[in-house]
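What follows is a short report on a single structure.
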Amino acid sequence: MLRMAALISEKPRISAAVRFRVIRATLYWIGLGPAVWTFFLGLTDQLGANPMRTLEQTLGLWALRFLIATLAVTPFRDLTGISLLRYRRALGLLAFYYALLHFTTYIVLDQGLNLSAIAADIVKRPYITIGMLAFAVLVPLAATSNDTMVRRMGRAWSRLHRWVYLAAAAAAVHFLLVVKSWTMEPVVYFAIVAILLGYRLYKRLRGSRGNRRRKPVPTR
Amino acid sequence: METLATQGSVRIIWEDQSMFIRKSAAVRSSEITPQEVFLERRRLIMAAAAVGISAAIPKGGAVAAALQAVESRYSTDEAPTALKHITNYNNYYEFGVGKEDPAANAHTLTTKPWTLAVDGLAARPTDFHVEDLLSSVALEERIYRLRCVEGWSMVIPWVGFPLSEVLGRVEPLGSARYVAFETVLRPDEMPGQRAFLPALEWPYVEGLRLDEAMHPLTILAVGLYGETLPNQNGAPIRLVVPWKYGFKSIKSIVKITLTEEQPVTSWNRQNPREYGFYSNVNPEVDHPRWSQATEMPIGKGLFAKRKPTLLFNGYADEVAGLYAGMDLRKFF
């Protein structure tokens, strides 16, 4: 995939490969910026009255944002012809890293490693249950995100990674359920996830009705 | 510190420091430290305010003024939460649903003049002008714990007076069993009241049983940290019921009505399954979506530890009798 993209898109091959690596590295560094920055603000007492909660919520929100970015790659290509497929793995992994940090903040800083309280939360609190579900789904996806697994798993890999739809839906619902009242922000995020998932459902329904294969998408 | 400066706190008089010296002869050593911390903080605040004299006064915002108050035996010995946290971490949905929205937006509320109408089942229904009211009551400093239904807590040095003072003056009729409260409705001054997706039905309303309202712990607060209330904390006059979750302590009150029927309350109307009329702090009765067993103290940094929540927020000795024989799971 990688090599192909490099072959097709640019004449001087080496510079294209280098450019891809540079962009990808930049994406990781910038992508992890909010986490590093927020944690720094927390350590230096600049996160306000309830720094734990602010850190926890910021990390969770960025996990959802990167999930959305991951899901937006395909519709974006269909609409504009611009393929960012090469960067989708980085976006997905960033979503996972943020989910992991969000989860860790909840376990360690919020609940103070009180395992019985955490267990009770997971069983009794739907928004925690759903949040845990989202995270649990992301773990195998992150674990199988390397080239070796992509090669080894073949078609099963694509099937497995479609579970990201469930993770995104669960994350959006988790956000909706955590707030005290209906507020704008979680509703907007929920709507974005709904549109991105709805788009896939629509494509699938249309495809099966017409019983024809998707047209090849131009690479440029 | 910053908060004070932006409030435009021009003048802070604190002549009578003796009010902070406990009269009790038997002072435990554990009490001394918080007290000193408190005085030290006061001194720092005064210094900061002196620096902040040149700070811009926000348009429409009231200038915080010093209040004279006597100490109360109902105050806790716990060290108060820092003023900057009390004034920058608020749930006041009329000014936005974010915790820092009220601090940013509440300056648009005009709090002078302010009339508090007390009516309903009373022999002498009265419209009180808040400034007149203040000159006719003995203000007390009440350092109370505050427990939010969301699972965090503060310690707040309120300045106020018992609600019973006002209720007594209007002479409740024998038929009065409840007290209803109403927040001001001013969409042009309160952005949350004109939001596209309103968080609650406006105006905000709350209620207490008459005996709860008459309890000496129940106060109308007009200040905190020795000064008039900042707008985001419910200026110019608000309720404080320390043994109930924070949302019961309604802000910026314009109307108090004595009623025979249990009044409608905002959060109960919004979600009756999650928020009851009583909403007494109770670690045994969980919110359907989260546990109420512990609370996160505010202002203790990133690595703050949760602490156990106490029945009636630690005021059980004073108020448990109000609920004798009641099933607190049913009447949550």
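Chain letters run A, B, ... following the sequence lines, proteins first, then strands; residues in each count from 1.
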Hey, are the side chains of [X] and [Y] touching, using non-hydrogen atoms and a 4.5 Å cut-off?
X        : Y        : answer
A:Ile128 : B:Trp290 : no
A:Gln111 : B:Arg306 : yes
B:Ser291 : A:Lys124 : no

Exercise. Relative to chain B, which segment of A:Leu55 carries a heavy atom at a distance below 4.5 Å: side chain, backbone, both, or neither?
Worked result: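 Side chain only.
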Exercise. Given that the side chain runs from C-beta out, which part of A:Asn114 has a heavy atom under 4.5 Å from chain B: side chain, backbone, both or neither?
Worked result: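 Neither part.
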Count the heavy atoms belonging to other residues, nucleotides or ligands that lie under 6.0 Å from [atom1] of [X], then report whether that count exceeds 12.
X        : atom1 : result
B:Arg194 : CZ    : yes
B:Glu201 : CD    : no
A:Phe190 : CZ    : no
A:Tyr28  : OH    : yes

So which part of [X] gets closer than 4.5 Å to some heavy atom of chain A, the side chain, the backbone, both or neither?
X        : value
B:Asp286 : side chain
B:Pro297 : neither
B:Arg289 : both
B:Ala199 : both

Exercise. Between B:Gly301 and A:Pro51, what is the shortest heavy-atom contact and its length?
Worked result: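 Taking B:Gly301 first and A:Pro51 second, the nearest heavy atoms are C-CG, 3.3 Å.
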For this session: Provide the closest heavy-atom pair for A:Pro126 versus B:Pro288 in the form atom of the first, atom of the second, distance.
Result: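 Shortest heavy-atom separation between A:Pro126 and B:Pro288 comes out as CD-O, 4.5 Å.
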Reported [atom1]-to-[atom2] distance for the pair [X] and [Y], which is rounded to 0.5 angstrom:
X       : Y        : atom1 : atom2 : value
A:Gln46 : B:Leu302 : CD    : CG    : 12.0 Å
A:Asp45 : B:Lys300 : CG    : NZ    : 13.0 Å
A:Met52 : B:Lys305 : CE    : NZ    : 12.5 Å

For this session: Report the option among B:Tyr89, B:Tyr93, B:Phe196, B:Tyr275 that has the most heavy-atom pairs separated by less than 4.5 Å from atoms of chain A.
Result: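 Top count of heavy-atom pairs under 4.5 Å with chain A: B:Tyr89.
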Exercise. What do the steps show when you test A:Val108 against B:Phe303 for side-chain contact (heavy atoms from CB on, under 4.5 Å), and what is the final call?
Worked result: CA-CA 9 Å; A:Val108 179; B:Phe303 303 104; over 6 Å; no
For this session: Could you walk me through whether B:Met296 and A:Asn50 pass the side-chain contact (heavy atoms from CB on, under 4.5 Å) test, one step at a time?
Result: CA-CA 8 Å; B:Met296 182 61 83; A:Asn50 197 346; 3.9 Å; yes
Problem set entry | Top of A:Val187, A:Leu177, A:Leu47, A:Thr54 for chain B proximity - count of heavy-atom pairs under 4.5 angstrom |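 Max contact count across the listed options: A:Leu177.
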